[in-house]
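Scroll down for the structure; my scribbles are underneath it.
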Amino acid sequence: MTTVDDASRPSRVAGPDEAISAEELQLAARNHGIPLEALRYDVTPAGLHYLLIHYDIPDVDPAAYALSVSGALDRPLRLDLAALRDRPRVTHRVTLECAGNGRALLRPRPVSQPWLVEAVGNAEWTGTPLAPLLREAGLSGDAVDVVFTGADHGVERGVEQDYQRALPVADALREEVLLAYEMNGAPLLPQHGAPLRLIVPGWYGMAHVKWLRDITVTTEPFDGYQNAVAYRLRRDADDPGVPVTRIEPRALVRPPGFPDFMSRTRVLRPGPCTLDGRAWSGHAPVTSVEVTTDGGGTWAPAVLDEPSGGEWAWRRWSVTWTATPGRYVLGARATDASGRTQPVEQPWNRGGFANNLVQRVEVVVPAQ
Ligand SMILES: Nc1nc2c(c(=O)[nH]1)N[C@H]1C(S)=C(S)[C@@H](COP(=O)(O)O)O[C@H]1N2
Ligand SMILES: [Mo]
């Protein structure tokens with residue numbers, strides 16, 4: 001186990017035949033994914049939304065809570081929950097995805113939270129927009145970064161820290177960025193950041209700081225651990241890499257039929273059926289989804305439903321298929337308006353981030 005004095009422990013890539021360890025299992029048991037059948041819901045019920053918590057869920061007393069806003073601005077603020085709730089109120093439906101989604105499918109496997117494809121959810125977040133608050137506080141013209149600090153504390157590769165992430169000031173001022181106090185119309189649950197979290201539509205999960213207690217505007221680039229060390233796309237340990245930011249396009253299949261208990265291979269009766277799922281991208285709206293039943297050999301276009309819930313929410317897609325006896329590997333591929341799509345080769349990087357390789361859903365259609 002990592003200890004505070006074990007300061008040099010690097011992130012690790014598993015050996016060629018190295019199985020998932022008890023440490024990875026321990027993380028996976030704490031940080032659950034969405035059960036893929038829950039792709040049926042437009043809005044993911046709170047308890048079925050994925051979870052990622054680096055340290056412990058902190059004990060924050062909502063009655064004593066106040067958000068501090070300070071740094072490079074004229075009028076530092078302290079806002080309790082009542083003051084935050086008195087401000088303009090907005091709801092956005094937002095697809096949240098962990099940057100590590102797909103990590104455990106990479107070869108070789110970067111050792112960390114071992115997600116397959118299930119680190120995603122699409123919830124309604126209600127709160128107050130951040131930009132007007134920063135402007136009212138007299139944001140300085142030479143502001144560079146806005147640093148968001150959570151109330152949770154831990155140690156990561158030997159570095160003791162509060163969970164902290166910065167956004168460049170231009171990104172923090174985008175009108176869709178929210179200080180959210182409700183999820184799906186109810187106060188935030190402890191595991192999702194109660195009483196207040198940041199929501200940065202379009203960005204991978206690490207930017208959406210939970211248990212938010214402090215906002216500090218800086219005039220120098222922030223070089224904290226989660227920005228400068230952790231969430232970077234690197235080829236190798238010496239590569240400074242580039243920051244992980246927006247969500248790459250992805251489509252997932254809602255698993256058809258019923259599962260085998262151990263393998264979760266799907267069993268589907270022969271005959272006509274509808275295959276469907278969800279597609280999203282944090283760069284630009286999804287413009288098309290294609291579906292394969294032969295593991296990527298051939299592709300057929302899917303029908304995209306009208307967007308439901310605004311530009312930051314996933315979209316349903318569907319296609320009709322006549323299942324005949326045999327074995328199949330289903331998958332779907334999303335393309336967005338920026339031209340980004342899902343690769344056929346794994347996009348490997350040392351941290352195992354942004355792996356949007358097409359999903360493989362094994363299906364058996366038995367003879368009647
Ligand atoms: N304070 C704090 N915020 C955090 C985290 C954390 O560990 N601490 N995890 C981040 C990561 S990596 C992800 S993917 C999302 C997950 O949000 P959710 O658990 O509500 O789905 O929260 C982000 N915000
Ligand atoms: Mo994450």
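Counting starts at 1 for both ligands and their atoms, following the listed order.
Ser318 places no side-chain N or O within donor-acceptor distance of the main-chain N or O of Leu275, the cut-off being under 3.5 Å. For Asn349 (side chain) and Arg235 (main-chain N/O), no donor-acceptor pair under 3.5 Å exists by modelled atom type. Under the 3.5 Å distance criterion, the side-chain polar atoms of Asp145 are matched with a main-chain donor or acceptor of Phe222.
At the top of the distance list for atom 24 (N) of ligand 1, counting protein heavy atoms only, stands His208 O, 3.1 Å. In terms of protein heavy atoms, atom 9 (N) of ligand 1 is closest to Leu52 O, 3.3 Å. Counting only heavy atoms of the protein, atom 17 (O) of ligand 1 lies nearest to Arg197 NH2, 3.2 Å. The protein heavy-atom contact nearest to atom 15 (C) of ligand 1 is Gly205 O, 3.5 Å. The closest protein non-hydrogen atom to atom 16 (C) of ligand 1 is Tyr50 OH, 3.5 Å. Annotation: atom 10 (C) of ligand 1 to nearest protein heavy atom, Tyr163 OH, 3.7 Å. Distance from atom 7 (O) of ligand 1 to its nearest protein heavy atom, with residue and atom name: His54 N, 2.8 Å.
Here is the list of ligand 1 atoms found below 4.0 Å of a heavy atom in Cys98: 14 (S). Counting the atoms of ligand 1 from 1 in the order shown, those under 4.0 Å from a heavy atom of Asp152 are 1 (N), 2 (C), 6 (C), 7 (O), 8 (N). Taking every non-hydrogen atom of His49 and a distance limit under 4.0 Å, the qualifying atoms of ligand 1 come out as 21 (O). Close approach to Leu96 involves these atoms of ligand 1, each under 4.0 Å from a residue heavy atom: 17 (O), 21 (O). Counting the atoms of ligand 1 from 1 in the order shown, those under 4.0 Å from a heavy atom of Ile53 are 7 (O). Distances below 4.0 Å separate heavy atoms of Tyr231 from the following atoms of ligand 1: 12 (S).
The closest heavy-atom contact to atom 22 (O) of ligand 1, among the options Gln191, Met206, Lys210, Gln226, comes from Lys210.
In the hydrophobic cluster analysis, where Ile, Leu, Val, Met, Phe, Trp and Tyr join through side-chain heavy atoms closer than 4.5 angstrom, Trp203 is grouped together with Leu198.
Atom CZ of Arg85 has more than 12 heavy atoms from other residues, nucleotides or ligands within 6.0 Å. By the neighbour-count criterion of 12 heavy atoms within 6.0 Å, atom CG of Asp59 is sparsely surrounded, having that number or fewer from other residues, nucleotides or ligands. Within 6.0 Å of CZ in Arg75 there are more than 12 heavy atoms belonging to other residues, nucleotides or ligands.
The pair Arg316-Glu306 does not meet the salt-bridge criterion, since no charged nitrogen lies less than 4.0 angstrom from a carboxylate oxygen. For the pair Glu311 and Arg93, the salt-bridge criterion is not met [side-chain N within less than 4.0 Å of a carboxylate O].
Not a single heavy atom of Phe148 sits under 4.0 Å from any atom of ligand 1.
Taking the six-membered ring for Trp and thresholds of 30 and 60 degrees, His54 and Tyr231 have ring planes inclined between 30 and 60 degrees apart.
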